[in-house]
Protein chains: 2
Amino acid sequence: MLDPISRVRRFNRAVTSAVGALDTSFLGRGRPLGAARVLNAIGHGRSEIGEIRDYLGLDSGLMSRLLRGLEDEGLVETHAHEEDARRRVVSLTRTGKREFAAYEDLSNSQAEGFLARNSQREALLAAMDLIASALTRDRIALTELDPRSDAARYCLAEYYAELSRRFKQGFDVSLSRDPDAKDMRRPRGSFIVAMSDTLPIGCVGLKGTDHGYAEIKRLWVAPSARGLGLGKRLMDRTEEAARSLGIALLRLDTNSALPEAGQLYRTTGWREIPRFNDDPYPDLFFEKQIRS
Amino acid sequence: MLDPISRVRRFNRAVTSAVGALDTSFLGRGRPLGAARVLNAIGHGRSEIGEIRDYLGLDSGLMSRLLRGLEDEGLVETHAHEEDARRRVVSLTRTGKREFAAYEDLSNSQAEGFLARNSQREALLAAMDLIASALTRDRIALTELDPRSDAARYCLAEYYAELSRRFKQGFDVSLSRDPDAKDMRRPRGSFIVAMSDTLPIGCVGLKGTDHGYAEIKRLWVAPSARGLGLGKRLMDRTEEAARSLGIALLRLDTNSALPEAGQLYRTTGWREIPRFNDDPYPDLFFEKQIRS
DNA sequence: GCAATTATCTGACTAAAGTCAGATAATGCT
DNA sequence: AGCATTATCTGACTTTAGTCAGATAATTGC
């Protein structure tokens, strides 16, 4: 009865009925679940109809009708896409925003209620993070973003916070050579963010220089997403980006207080080299030749 | 973004889409979800129609039609209840058993696949147990069972195993005064099992004696269900049973190697008394006067 | 024995979700 | 320019789920 498979299945059943309760709470606002899900997808920033359709797994006919329904209720407006008038973008009206906020309140108080009902709060949260990361691991999307975008800035803030926790002497961004955002955008470089659902859980920057190589900077993976091979995926993707930019030589610096990083570099073809900059924080330097 | 509520909501989303995938896998056998759920409920041993209806939250008309459908497929048979011909009991035919086994295989391989895909196996399982217990805490059912039933015997085995882990000198049931099953059944006593879903997660026995008191024996709560106040619930329920049996004085023995048990007794009106038996294991003895 | 109650079933609905074959209009490609 | 492709929409379905008012038959309580 306590074999691993039974335990997983008990979890599945528990969660299935909890999800059922969650779904029916959405019905509290007198709208069928399908329409509520579309409204929420729009509220969470998805604007292109095709994207929403894919995300929710809906047929195009059904999607279209759900949108008409929301339009009739005065909750959303659709417009032609600026660059491609076949595609449509949808946005919330003022009424729609209010309605979306009501759904958000419902979800938030549901979550709050769950936490309040249970005593082992931190243990539960850690368990939830772990399971959420495990469940969504093959839906982690790596996307090139502007390093000044919200998601990128969130990752960088978490990265700096972690460095200051882990470096004995703390970490002050202003003392480090802060790469200019321009150097981490095409065509000079690139910045890649890993998103799990709507949560940024990792990043890495590729910084172009004028010295015949590019640098890897700001490799970070969220604590709840470690052990999923995400660091490797981010690095692979960066090398790909470098190749596409015609870059043949990569360098990076790191610190021996981050042993898992050094370990990753050593096992993926990086070669330790002498110090190549005067940044005060790093004490380890690597180089990798790419291009087959 | 990492505030507790967002973390709970991210978990909810992850789990919602995983459950969606689980549900659609059930559709792989070409049967609508409703019918599949009824078939599975029957396969898992529920035989009375009313019970299944309550468990799945179905309308009686709908339930009836789903059953007719399964009958037409040759998967189930219904008969009148032996003691009350208004009620109907339903059972699987041979074909039905095969079909149910196919669903079981699907569920098992789904669970197996999840475990195989992830590296932190033990951490994941512990996280799942914790969350499942938290989610189902208000659906934990306490029922009086025969101490020789499967669920009761499972609890007792777990209880003995735990004692032998926690007692320095180990634990051998045969050395302990093993209460006769008859003493823990009405009208002499009672045995109560806590069920979370289909998993027994706790038990307690009320053992009648001929000395003017009854004894509480075998109080056990599964590790994954601790911290939910289940021990207290089990004790309250036992006192209720004792009252209904006209018992006014309760005694119990325990061991100081189980501090959480002693703690529970001390805070719920039990009074420490001198040794009242010659069982080799206990070193702490309590008594409680009940009846208002 | 008989009225009230209980468990299940049937018929006649509605609502929601999903499917699919075109229709329409914009865009890409040569 | 003209044809294939793409994104969305519409109409005409089907299936599933769910509701509700009786009908039927067994049982309980007096």
Side-chain angles (χ1 to χ4, degrees), chain A residues 16-17 19-21 23-42 46-73 75-91, chain B residues 16-17 19-21 23-42 46-73 75-91:
Chain A
T16 302
S17 66
V19 162
D23 279 358
T24 53
S25 92
F26 264 36
L27 268 51
R29 299 198 63 77
R31 194 169 289 108
L33 195 58
R37 295 210 306 155
V38 171
L39 184 67
N40 274 284
I42 300 167
R46 290 176 208 267
S47 58
E48 292 204 22
I49 290 185
E51 187 198 353
I52 298 172
R53 217 169 46 209
D54 285 353
Y55 172 65
L56 298 176
L58 299 174
D59 171 87
S60 71
L62 181 51
M63 177 76 202
S64 189
R65 255 177 285 274
L66 290 173
L67 274 178
R68 285 307 82 64
L70 292 173
E71 272 180 346
D72 292 350
E73 281 192 83
L75 300 174
V76 306
E77 286 169 343
T78 59
H79 310 277
H81 190 281
E82 284 185 2
E83 290 168 8
D84 180 348
R86 288 171 306 181
R87 301 194 320 219
R88 310 226 88 205
V89 288
V90 56
S91 58
Chain B
T16 302
S17 67
V19 163
D23 279 357
T24 53
S25 92
F26 264 34
L27 270 49
R29 299 197 64 77
R31 194 168 288 108
L33 196 58
R37 295 210 306 155
V38 171
L39 184 67
N40 274 284
I42 300 166
R46 291 175 205 267
S47 58
E48 293 204 21
I49 289 185
E51 187 198 353
I52 298 172
R53 217 171 44 209
D54 286 353
Y55 172 65
L56 298 177
L58 298 175
D59 172 86
S60 71
L62 181 52
M63 177 75 202
S64 189
R65 254 176 286 273
L66 290 173
L67 274 178
R68 283 310 79 66
L70 292 173
E71 272 179 345
D72 292 350
E73 281 192 84
L75 300 174
V76 305
E77 286 169 343
T78 59
H79 311 278
H81 190 281
E82 285 185 2
E83 292 167 8
D84 180 348
R86 290 171 303 181
R87 301 195 322 224
R88 310 226 88 205
V89 288
V90 56
S91 58

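A, B, ... follow the sequence lines: proteins, then strands. Residue 1 opens every chain. Every value quoted in this text rests on a predicted model; they were computed, and no experiment measured them.
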Can you tell me how far [atom2] of [N] sits from [atom1] of [X], to the nearest Å?
X: B:Leu66; N: C:dT8; atom1: CG; atom2: P; value: 14 Å
X: A:Leu67; N: D:dT10; atom1: CG; atom2: C1'; value: 14 Å
X: B:Glu51; N: C:dT6; atom1: CD; atom2: P; value: 19 Å
X: A:Leu70; N: D:dC9; atom1: CG; atom2: P; value: 12 Å
X: A:Arg88; N: C:dA25; atom1: CZ; atom2: P; value: 12 Å
X: A:His79; N: D:dC9; atom1: NE2; atom2: P; value: 13 Å
X: B:Arg53; N: C:dT6; atom1: CZ; atom2: C1'; value: 10 Å
X: B:Leu56; N: D:dT16; atom1: CG; atom2: P; value: 17 Å

side-chain contact (heavy atoms from CB on, under 4.5 Å) partners for A:Glu51, two or more places apart: A:Arg46, A:Glu48

side-chain contact (heavy atoms from CB on, under 4.5 Å) partners for B:Arg53, two or more places apart: B:Ile49, B:Leu58, B:Ser60, B:Met63

Could you list the residues that satisfy salt bridge (Lys or Arg N to Asp or Glu O under 4.0 Å) with [X], not counting sequence neighbours?
X: A:Glu77; result: none
X: B:Arg88; result: none
X: A:Asp84; result: A:Arg86

Residue met sooner reading DNA chain C from 5', once A:Leu58 and B:Met63 are mapped to nucleotides: B:Met63

Steps toward side chain to side chain contact (heavy atoms under 4.5 Å, CB included) verdict (B:Thr78, B:Val89): CA-CA 6 Å; B:Thr78 59; B:Val89 288; over 6 Å; no

Residue pairs, two or more places apart or on separate chains, that pass salt bridge (Lys or Arg N to Asp or Glu O under 4.0 Å) and touch residues 60-71 of chain A: A:Arg68-A:Glu71

Stretch residues 34-42 of chain B: residues that reach within less than 4.0 Å of DNA chain C through a heavy atom: none

Side chain to side chain contact (heavy atoms under 4.5 Å, CB included) between A:Ile52 and A:Leu56, worked out: CA-CA 6 Å; A:Ile52 298 172; A:Leu56 298 176; 3.8 Å; yes

With sequence neighbours excluded, residues passing side chain to side chain donor-acceptor pair (under 3.5 Å) with B:Ser17: A:Arg139

Short side-chain N/O contact to C:dA25 OP1/OP2 from A:Arg87, under 4.0 Å: no

Base versus backbone protein contacts along nucleotides 19-30 of chain D [heavy-atom cut-off under 4.0 Å; B, S, -]: BB-----BS---

